[in-house]
Amino acid sequence: HIQLEESGGGSVQAGGSLKLTCAASGSRTYVAWFRQAPGKEREAVASLEDRNNRAFYADSAKGRFTISQDSSENWVYLHMNSLKPADSAMYYCAAVGVHMSASQALAVSPHGIPYHFWGLGTLVTVSP
């Protein structure tokens, strides 16, 4: 069983930076960050393949966000730079504990699949 808890959200002005942290326990194959803005569908931000630390990024995150984890694999981070008002959303940490294709790393259905475990989220607000 995987448990996840996010922290680090807050309010920042456009152009600023935030670091989100996910306390993660349990064996996993992928851990990822997703976000959902009011009235919009949940979307992937970044994912990390646990066995080799290979990272995957949504187009909106490339060049601005970095996903990483510490050597103990108990903490997963999302470093966000050059934030825009469009980045405002609830950010969720998610994980999956079974093998899946790398092509699914940034996939998410309305029910959260293929990621089986989710945190409660942390709110990021970016003002103009």
Side-chain angles (χ1 to χ4, degrees):
H1 186 72
I2 299 172
Q3 292 184 305
L4 306 165
E5 184 174 355
E6 307 91 337
S7 62
S11 298
V12 64
Q13 288 191 318
S17 299
L18 278 176
K19 183 180 83 171
L20 305 184
T21 299
C22 175
S25 63
S27 179
R28 57 193 181 263
T29 54
Y30 288 79
V31 62
W33 287 95
F34 291 83
R35 68 186 184 187
Q36 188 167 20
K40 295 188 176 181
E41 293 184 351
R42 181 167 33 188
E43 63 178 4
V45 177
S47 180
L48 194 66
E49 187 173 5
D50 199 74
R51 67 182 179 92
N52 57 16
N53 277 330
R54 180 167 56 158
F56 305 82
Y57 293 97
D59 287 344
S60 60
K62 288 178 182 176
R64 299 189 301 129
F65 296 1
T66 302
I67 187 172
S68 63
Q69 62 183 349
D70 76 326
S71 58
S72 71
E73 299 183 356
N74 292 328
W75 304 95
V76 181
Y77 306 106
L78 184 69
H79 294 260
M80 304 188 294
N81 297 318
S82 303
L83 283 162
K84 308 172 183 179
D87 295 317
S88 296
M90 186 71 80
Y91 282 70
Y92 299 92
C93 183
V96 58
V98 297
H99 173 75
M100 73 176 186
S101 168
S103 63
Q104 294 184 284
L106 296 176
V108 64
S109 76
H111 300 291
I113 302 299
Y115 289 86
H116 300 138
F117 301 95
W118 292 80
L120 296 179
T122 186
L123 183 63
V124 172
T125 303
V126 184
S127 57

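Counting from 1, the numbers follow the sequence of the chain as shown.
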message: For the residue pair Ser17 / Asn81, report whether a side-chain donor-acceptor contact shorter than 3.5 Å exists.
response: yes
field: Taking every non-hydrogen atom, the tightest pair across Glu6 and Tyr92
entry: OE2-CA, 3.3 Å
field: Same apolar cluster: Val12 and Met90, side chain cutoff 4.5 Å
entry: no
- prompt: Between Arg42 and Gly112, what is the shortest heavy-atom contact and its length?
  reply: NH2-N, 3.4 Å
From Cys22 atom SG to Gln3 atom CD, the distance as rounded to the nearest 0.5 Å: 11.0 Å
- request: Verify the cluster assignment for Leu18 and Phe65: are they in a single hydrophobic cluster under the rule of side-chain heavy atoms below 4.5 Å apart?
  value: yes
task: Please examine the side chains of His79 and Ser68, heavy atoms only from C-beta on, and report whether any two atoms are closer than 4.5 Å.
output: yes
- request: Check Ile2 against Phe117 and note the closest heavy-atom contact, atom names and distance.
  value: O-CD2, 3.3 Å
- prompt: For Ile113 and Val108, what are the C-alpha separation, side-chain angles and deciding distance, and is it a side-chain contact (heavy atoms from CB on, under 4.5 Å)?
  reply: CA-CA 5 Å; Ile113 302 299; Val108 64; over 6 Å; no
message: Check whether Thr125 reaches the backbone of Ser88 with its side chain - one donor and one acceptor, N or O, closer than 3.5 Å.
response: no
field: Closest approach of Ala46 to Leu78 (non-hydrogen atoms, all atoms of both residues)
entry: CB-CD1, 4.2 Å
statement: So CZ of Arg54 and CD1 of Ile67: to nearest 0.5 Å the spacing works out to 13.5 Å
field: Short side-chain to backbone donor-acceptor contact, Thr21 and Ser7, under 3.5 Å
entry: no
- prompt: Are Tyr115 and Leu48 connected, step by step, through hydrophobic side chains (Ile, Leu, Val, Met, Phe, Trp, Tyr) whose heavy atoms are closer than 4.5 Å?
  reply: no
- prompt: Hey, what's the ring geometry for Trp118 with Phe34, parallel, tilted or perpendicular (30° and 60° as the breaks)?
  reply: tilted
statement: Looking only at heavy atoms, the pair that brings Tyr91 and Val45 closest together is CE2-CG2, 4.1 Å
- request: Report yes or no: does Arg64 contribute a side-chain atom to a donor-acceptor pair with the main-chain N or O of Ser82 at less than 3.5 Å?
  value: yes
- request: Can you label the angle between the Phe56 ring and the Tyr30 ring as parallel, tilted or perpendicular, going by 30° and 60°?
  value: tilted
query: Measuring from Ser109:OG to Glu41:CD, what's the distance to the nearest 0.5 Å?
result: 10.5 Å
- request: Could you state whether Leu106 and Val98 fall into the same hydrophobic cluster, counting links through intermediate Ile, Leu, Val, Met, Phe, Trp or Tyr residues with side-chain heavy atoms under 4.5 angstrom apart?
  value: yes
- prompt: Which pair of non-hydrogen atoms, one from Arg28 and one from Glu73, has the smallest distance, and what is that distance?
  reply: NH2-O, 2.5 Å
- prompt: If you measure only the distance, is there a donor-acceptor pair under 3.5 Å linking the side chains of Gln69 and Asn74?
  reply: no
- prompt: Passes side-chain contact (heavy atoms from CB on, under 4.5 Å), Ser60 versus Arg35? Steps please.
  reply: CA-CA 11 Å; Ser60 60; Arg35 68 186 184 187; 3.5 Å; yes
query: Any side-chain heavy-atom pair from Trp33 and Val76 closer than 4.5 angstrom?
result: yes
Charged N-O contact under 4.0 Å between Lys62 and Asp59: yes
Verify same cluster id: Leu20, Leu83 (apolar side-chain graph, 4.5 Å): yes
- prompt: Do Thr29 and Val96 have side chains that get closer than 4.5 Å, going by heavy atoms?
  reply: yes
message: For a quick check under 3.5 Å, do Tyr57 and Ser47 share a side-chain donor-acceptor pair by atom type?
response: no
task: State, yes or no, whether a side-chain contact exists between Leu4 and Cys93 at a heavy-atom distance under 4.5 Å.
output: yes
